[in-house]
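First up is the structure itself, then whatever we jot down about it.
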Amino acid sequence: MATPETRRKPNILITGSPGTGKSTLGQQVADRLGFEFIEVSKEVRENNLQGEFDEQYNCHVLDEDKLLDHISERMDSENGGMVVDYHGCDLFPERWFDVVAVLRCSTEKLYDRLQARGYTEFKIKENVECEIFGSLLEEAKESYSEEIVHEMQSETPEQMEENVEKIVELARAFKNEHTEMEQ
Ligand SMILES: Nc1ncnc2c1ncn2[C@@H]1O[C@H](COP(=O)(O)OP(=O)(O)O)[C@@H](O)[C@H]1O
């Protein structure tokens, strides 16, 4: 079972409230680094990892155990090089990640993005509140060592580009540190 000490390439988690830009950023980071991208919502849909239907949210809840089982082989591999995006982070084993990016966005922008997605007022309000309280940042800091948690603003295309660069840099720094240790 790989750990941050033994992994050849870093595993990267991109988290944040829905609509903050996780899947857009995750895909760009994976393309730049040649890493594999696990977009959790897509993985769940394509592999039937849903749990029960939630009437209030009008969607299926995630079956966390099924998801973890489904991705564990890739996440525990010594090779590393996985980019994962999900609007939660305390469900994953801490050993899986070397870099955790938490995306943040103003409530006005987030509201517009979620409305454009066709979310109900109820669901928009829940998600915007989650962002106002900084819930994901807190969850990330509680679940991972603070030095690997990076808060990033994701409101403009320029910030999207900066975030890609920053994560690519962090991934390279991880690789350099590990190569030095091996010498
Ligand atoms: N930094 C940003 N600048 C401009 N638009 C963005 C930014 N981040 C996300 N968006 C836009 O917001 C929408 C939601 O992004 P998405 O990546 O699907 O978010 P998430 O995966 O967090 O739900 C998309 O239309 C995307 O283009």
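We count ligands from 1, going down the list as the structure has it; atoms in each ligand are counted the same way.
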Residue contacts for ligand 1, heavy atom to ligand atom, distance under 4.0 Å: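 Correct list: S17, P18, G19, T20, G21, K22, S23, T24, R113, R117, S154, E155, T156, P157, M160.
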Selection residues 139-153 - residue pairs positive for salt bridge (Lys or Arg N to Asp or Glu O under 4.0 Å), sequence neighbours left out: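 Every pair satisfying salt bridge (Lys or Arg N to Asp or Glu O under 4.0 Å) with a residue in residues 139-153: R104-E151.
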Residues R95 and D76 bridged, charged N to O under 4.0 Å: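 Salt bridge present between R95 and D76.
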Pairing of R32 and E165 as salt bridge, 4.0 angstrom limit: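 Here R32 pairs with E165 in a salt bridge, since their nearest N and O are under 4.0 Å apart.
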ring-ring contact (aromatic ring centres under 6.0 Å, His included) pairs, two or more places apart, involving residues 59-84: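 Every ring-ring contact (aromatic ring centres under 6.0 Å, His included) pair that includes a residue of residues 59-84, provided the two are not neighbours, is F53-H60.
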Pairs involving residues 74-93, ordered by first then second residue, that meet ring-ring contact (aromatic ring centres under 6.0 Å, His included) (sequence neighbours left out):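 Matches after skipping sequence neighbours: F92-F97.
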V99 with L137, same ILVMFWY side-chain cluster at under 4.5 Å: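 Each belongs to a different hydrophobic cluster.
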